[in-house]
**Q** 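Just passing along the structure, written as structure tokens.
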Amino acid sequence: DQQVKQNSPSLSVQEGRISILNCDYTNSMFDYFLWYKKYPAEGPTFLISISSIKDKNEDGRFTVFLNKSAKHLSLHIVPSQPGDSAVYFCAAVGGYQKVTFGIGTKLQVIP
Amino acid sequence: DVKVTQSSRYLVKRTGEKVFLECVQDMDHENMFWYRQDPGLGLRLIYFSYDVKMKEKGDIPEGYSVSREKKERFSLILESASTNQTSMYLCASSFPSQRDQETQYFGPGTRLLVL
């Protein structure tokens, strides 16, 4: 039973355009959400996070939006760059520090 | 700069062998985690530890055990490796408790092949 769902296994975007990665969750006890980025042969690295008391958090080209009523969050990358090509994992925290990850979305930014 | 290191990048083992995967972090983090990453399944938590000598089962602990004798070191043990344990294994560490510090720092991963 997947509590954190990333329904798009892959996404291709032209360089300079917006990339939108989506994530849905089912557990209403989740109160903190994170996005991680993973290059091949490397471990995931933290990208951006959002608390459930907010609906938006921005860091440079990266913005995460949270819609609690829909149990949906999204990561926007504007403008997309070829170096953004990676697998992006959505993660949610609920209970004592237990983090649940989605299965990931592979983003390819085409030059 | 946080550093999490894993003892091997690639391992090839035979079915039935005992396998040790070692993880060391240098930031005095209290929390440490072991995940496996498989295509279509994402990252799944095997075991985690909040302190020395403490361990908690994650979502898929069967066939694994762990050891945390020192704060900086968290070992994953496959008592008798099986082919379905072929995977990428990722270790992570984090600060305790604070929600807005809930960032895990990952090692580079160990790709294990069990023949």
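Computed from a prediction, not measured in an experiment: that's the story for all the values here. The sequence lines fix the lettering, A, B, ..., with proteins before strands; numbering per chain opens at 1.
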**Q** Which region of B:L43, side chain (C-beta onward) or backbone (N, CA, C, O), has a non-hydrogen atom less than 4.5 Å from a non-hydrogen atom of chain A, or is it both or neither?
**A** both
**Q** Between A:A91, A:P44, A:P9, A:A41, which shows the greatest number of heavy-atom pairs under 4.5 Å with chain B?
**A** A:P44
**Q** Using a cut-off of under 4.5 Å on heavy-atom pairs, state which of B:R44, B:Q6, B:R9, B:M88 scores highest against chain A.
**A** B:R9
**Q** Using the ring centroid of each side chain, check whether A:Y32 and A:F30 are separated by less than 6.0 Å.
**A** no
**Q** Are B:Y35 and B:F106 an aromatic pair by the rule of ring centers under 6.0 Å?
**A** yes
**Q** Fit a plane to each ring of A:F89 and A:F101, take the angle between them on a 0 to 90° scale, and name the class: parallel (under 30°), tilted (30 to 60°) or perpendicular (over 60°).
**A** perpendicular
**Q** I want to know whether B:Y105 and B:H29 have ring centres closer than 6.0 Å.
**A** yes
